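Everything numeric here is computed off the predicted structure, so don't read it as measured data.
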Amino acid sequence: MVTLPDIPTNSALARLFEDERVIGEATWFSLPGGATLFQSGDPSDLLYFLRAGRLGAFRRDEGLEPQFLGVIRPGEPAGEMSLIAGVPHSGNVVALRDSEIFALPRDVFFAACDSSPAIMTELARLMIMRSRQAATKHPTGIPSVYGFVTLGEPVTLRPLVDRMAREIGKLGYTVTVIGVEAQHAPTEWFSNVERDYDFVLYTAEAEDVTWRQGVGRQVDRLFRVGRGDTQPPRDGLMQAGNPLQAQNLVDLILVQKRGIKWPKGSEAWMDAAMPSRLFHLRREGSDDFARIARILTGQSVGLVLSGGGARAYAHIGAIRALREQGVPIDFVCGASMGGVIAAGVAMAWDTEEMDQRIKAAFVNSSPLDDIAFPILAMTLGEKVHVRLQEHFGEVQIADLWLPFFCVSSNLTTGTYHVHKRGLLRDALRATISLPGILPPATLDNNVLVDGAVLKNYPADIMRALQLGPIVGVDVTRGRSITADDVARPASIWRWILSGQWRRGPPIVSLLMRAATVSSGRDLAASREATDLLILPEVAGVEIRDWTAYDPAVSAGYLTMKEALTKLTKPVIDLRRRPSLHPQT
């Protein structure tokens, strides 16, 4: 008889493997970490049961990075929905660590169900639970086994990982840190440890060569750790390579020296390690260790800010309310003007600095009054370029303290472009290049315009990047442009003398609003990915009125404050997974 560890001994699924006729038809095999069990489109002629190890389920949507759907743990089936429906698999399932699997042919499974209907009832219950979890935006299981290995010049890992573990403990979870002592443990030993703790952190120091290679085959996700004050190794991937790379399940942590204003040289590390995500860790920064702990436990907070012209000032008020309530911001992104404000968060601007810089760049004088003969656009875009350079300088996206991205719309390919690397001000110049108002940006012979054209609220991209709660601010939903906004001025001379020309002619409102109208389908997908969404009341703020700072900021602040007050739990707990050992 075969024992499936996590299935109760009295369950129908467990009894299925007590049947000698079934066992005689089942196939047992080992699947090494990183190997694919099945892919989207493959026929569903087998039902798989995981005996030991971990499997990860992924979906690849067009234009997005692979989205992690959840972990399949020992004792659970894989591929059951497609098999019962009689359709090809709709996702990819990959071994996250060395795994042992039983495969049962379709006809044998259905014959067993005819003999014992309780099997199908139990499986149906599991499928309903997984479907409900997907509908409520919760993965079927989050990663809980992580590996940490060095890259480049040695970093002493154990003290760093121990600090992360202590922060995980503060969040109410059980956690253990395991090193080279587990090098020769059998496969089932790892499954037992994972069953006893909420989170398991494996560490491999530079000298643990054999164990270091094995860690990548025993974890749900791998973190390479390097020293940010050194150059990356040229053969970094050859030394630390593992199959998780293909699934975007390898991240990079750069340990930074004390007292530096900005990291330097992170782009070179990105080239060497090709990580899915990059995090900076200051040894003296307890906030950084707490952030890593939230990321590991699925409690990190992602902030998404929409475009919307002058109405995007509301984001500043919303951020102020989040900070007042102690809500951490661990990832940040935006489109168009929302991208500019998100960059300020990633630059670690506090509330006062954010206020001063945005006023200097946009409020005190219009950024769009360098009117040009409209060959490419109505403005030259020189004032915008100068102000981006003044406030963001030569900072690279990879050198920001917080993970950040913004989106632009690629007119050459007809898709949106996610800016995760390169010069920050160049990315911001692209994301705010409203067609017809600012000249487009170019990148590798591609023409890029405002991100709001194709992806005004990129919450779905944020969801693919991290598993924790997403807080969103969308300023495009209220009543917007009206007939009065596009009326021809009664007197051109009076319009010029009054200074209203600095806001641009009425066509500016028309173009800006047209660029920020998202399709219903795209908006629904983005909002589905959001856990806390606010829609500030900014209908009274004209989209090109760059002086309307205070009312927009106030609207964002009051709306976010009200939304936080109505929550029954802290934001970081909106997707909290229950502990295996709840603390009383």
Undergrad: Is the backbone of S306 close enough, under 3.5 Å, to the side chain of D474 for a donor and an acceptor to pair up by distance?
TA: no
Undergrad: Could you tell me whether the side chain of S276 and the main chain of L249 form a donor-acceptor pair under 3.5 Å?
TA: no
Undergrad: Any idea which heavy atoms bring G556 and I534 closest together, and the distance?
TA: O-CD1, 4.1 Å
Undergrad: Identify the heavy atoms of P440 and S433 that sit nearest to each other, and give their distance.
TA: CA-CB, 4.3 Å
Undergrad: Any side-chain heavy atom of T431 sitting closer than 4.5 Å to one from H419?
TA: no
Undergrad: Excluding sequence neighbours, so at least two apart, what forms side-chain hydrogen bond (donor to acceptor under 3.5 Å, both in side chains) with N446?
TA: none
Undergrad: Are the side chain of R425 and the backbone N or O of F392 linked by a donor-acceptor pair below 3.5 Å?
TA: no
Undergrad: Cation over ring, R224 on W269, under 6.0 Å and within 45°?
TA: no
Undergrad: Going by salt bridge (Lys or Arg N to Asp or Glu O under 4.0 Å), name the residues that satisfy it together with R227, two or more places apart in sequence or in a different chain.
TA: E153, D229
Undergrad: In chain order, what residues pass the salt bridge (Lys or Arg N to Asp or Glu O under 4.0 Å) check against D330, with sequence neighbours excluded?
TA: R291, R294
Undergrad: Indicate yes or no: at least one non-hydrogen side-chain atom of L322 is less than 4.5 angstrom from one of L303.
TA: yes
Undergrad: According to salt bridge (Lys or Arg N to Asp or Glu O under 4.0 Å), who are the partners of K261, at least two apart in sequence or on a separate chain?
TA: none
Undergrad: Pairing donors with acceptors under 3.5 angstrom, does anything connect the side chains of S336 and D450?
TA: yes
Undergrad: Using side chain to side chain donor-acceptor pair (under 3.5 Å), reason through S266 and D399 one step at a time and then give a plain yes or no.
TA: CA-CA 6 Å; S266 304; D399 289 331; 2.5 Å; yes
Undergrad: Report yes or no: does R283 contribute a side-chain atom to a donor-acceptor pair with the main-chain N or O of R258 at less than 3.5 Å?
TA: no
Undergrad: Measure the shortest side-chain to side-chain distance between M164 and L281 over non-hydrogen atoms and say whether it is less than 4.5 angstrom.
TA: yes
Undergrad: Test side-chain contact (heavy atoms from CB on, under 4.5 Å) on F331 and I295 and set out the steps.
TA: CA-CA 10 Å; F331 297 80; I295 291 166; 3.9 Å; yes
Undergrad: Working note: V225 + V161, criterion side-chain contact (heavy atoms from CB on, under 4.5 Å); need CA distance, chi angles, decisive distance, verdict.
TA: CA-CA 11 Å; V225 184; V161 179; over 6 Å; no
Undergrad: For the pair Q396 (side chain) and A398 (backbone), establish whether a donor and an acceptor sit closer than 3.5 Å, ignoring hydrogens and angles.
TA: no
Undergrad: Heavy atoms only: give me the nearest G226-V155 pair and the separation to one decimal.
TA: C-CG2, 4.0 Å
Undergrad: Considering residues at least two apart in sequence or located in another chain, which fulfil the salt bridge (Lys or Arg N to Asp or Glu O under 4.0 Å) criterion with D251?
TA: R221, R277
Undergrad: Do the non-hydrogen side-chain atoms of V345 and L402 ever get within less than 4.5 Å of each other?
TA: yes
Undergrad: Please list, chain by chain and in numerical order, all residues satisfying ring-ring contact (aromatic ring centres under 6.0 Å, His included) with F404, sequence neighbours excluded.
TA: none
Undergrad: Using 0.5 Å steps for rounding, measure from the CG atom of L254 to the NZ atom of K264.
TA: 14.0 Å
Undergrad: How far apart are the closest heavy atoms of V332 and A346, and which atoms are they?
TA: CG1-CB, 3.9 Å
Undergrad: Within this structure, what is the CD1-CH2 distance for the pair I358 and W349, rounded to the nearest 0.5 Å?
TA: 5.5 Å
Undergrad: Main chain of G259, side chain of Q256: is a donor-acceptor contact present, judged purely on distance under 3.5 Å?
TA: no
Undergrad: Main chain of G326, side chain of R323: is a donor-acceptor contact present, judged purely on distance under 3.5 Å?
TA: no
Undergrad: Under the ring pair (Phe, Tyr, Trp, His ring centres under 6.0 Å) test against F362, which residue among Y549, W546, Y313 passes?
TA: W546
Undergrad: Using the side chain to side chain contact (heavy atoms under 4.5 Å, CB included) rule, pick out the option among L252, N248, I253 that qualifies with P275.
TA: L252
Undergrad: Looking only at non-hydrogen atoms, find the nearest pair between M462 and C333 and report the distance.
TA: CE-SG, 3.7 Å
Undergrad: With respect to R357, which candidate in E352, E390, H391 satisfies the side chain to side chain donor-acceptor pair (under 3.5 Å) definition?
TA: H391
Undergrad: Would you compute the distance between atom CZ of R463 and atom CD1 of I470 and round it to the nearest 0.5 angstrom?
TA: 3.5 Å
Undergrad: Taking side-chain hydrogen bond (donor to acceptor under 3.5 Å, both in side chains) as the definition, give me every residue that meets it alongside R320, ordered by chain and number, with sequence neighbours left out.
TA: none
Undergrad: Name all residues meeting the side-chain hydrogen bond (donor to acceptor under 3.5 Å, both in side chains) criterion together with Q231; count only those two or more places apart in sequence or in a different chain, and write none if there are none.
TA: none
Undergrad: Can you list everything that forms a side-chain contact (heavy atoms from CB on, under 4.5 Å) with A555? Sequence neighbours excluded, please.
TA: P536, V538
Undergrad: Heavy-atom distance under 4.5 Å between the side chains of L535 and T559, does that happen here?
TA: no
Undergrad: Determine whether T530 and Y457 satisfy the following criterion, side chain to side chain donor-acceptor pair (under 3.5 Å), listing intermediate values before the conclusion.
TA: CA-CA 10 Å; T530 307; Y457 180 68; 2.9 Å; yes
Undergrad: Can any side-chain N or O of E542 pair as donor or acceptor with the backbone N or O of A548 at less than 3.5 Å?
TA: no
Undergrad: Apply salt bridge (charged side-chain N to carboxylate O under 4.0 Å, His left out) to residues R163 and D288 and explain how you reach the verdict.
TA: CA-CA 10 Å; R163 285 187 66 180; D288 291 346; over 6 Å; no
Undergrad: Can you name the nearest heavy-atom pair linking V475 to A314, along with the distance?
TA: CG1-CB, 3.9 Å
Undergrad: Does the side chain of L564 come within less than 4.5 Å of L532's, by heavy atoms?
TA: yes
Undergrad: Of all residues at least two apart in sequence or in a different chain, which pass the ring-ring contact (aromatic ring centres under 6.0 Å, His included) check with F405?
TA: none
Undergrad: Calculate, to the nearest 0.5 Å, the distance between atoms CD1 and NE2 belonging to I292 and H280 respectively.
TA: 10.5 Å
Undergrad: Between T297 and A293, is there a donor-acceptor pair closer than 3.5 Å when you use the side chain of the first and the backbone of the second?
TA: yes
Undergrad: Does the side chain of N410 come under 3.5 Å of the side chain of T415 through a donor N or O and an acceptor N or O?
TA: no
Undergrad: For Y557, give me all partners under ring-ring contact (aromatic ring centres under 6.0 Å, His included), at least two apart in sequence or on another chain.
TA: none
Undergrad: Which residues satisfy the side-chain hydrogen bond (donor to acceptor under 3.5 Å, both in side chains) test with K566, sequence neighbours excluded?
TA: E562
Undergrad: Does any non-hydrogen side-chain atom of K257 lie less than 4.5 Å from one of R282?
TA: no
Undergrad: Hey, could you give me the CZ/CZ distance between R166 and F289, rounded to the nearest 0.5 Å?
TA: 8.5 Å
Undergrad: Rounded to the nearest 0.5 Å, how far apart are CZ of R429 and SG of C406?
TA: 12.5 Å
Undergrad: Got F148 and L222 here, is their nearest side-chain heavy-atom distance under 4.5 Å?
TA: no
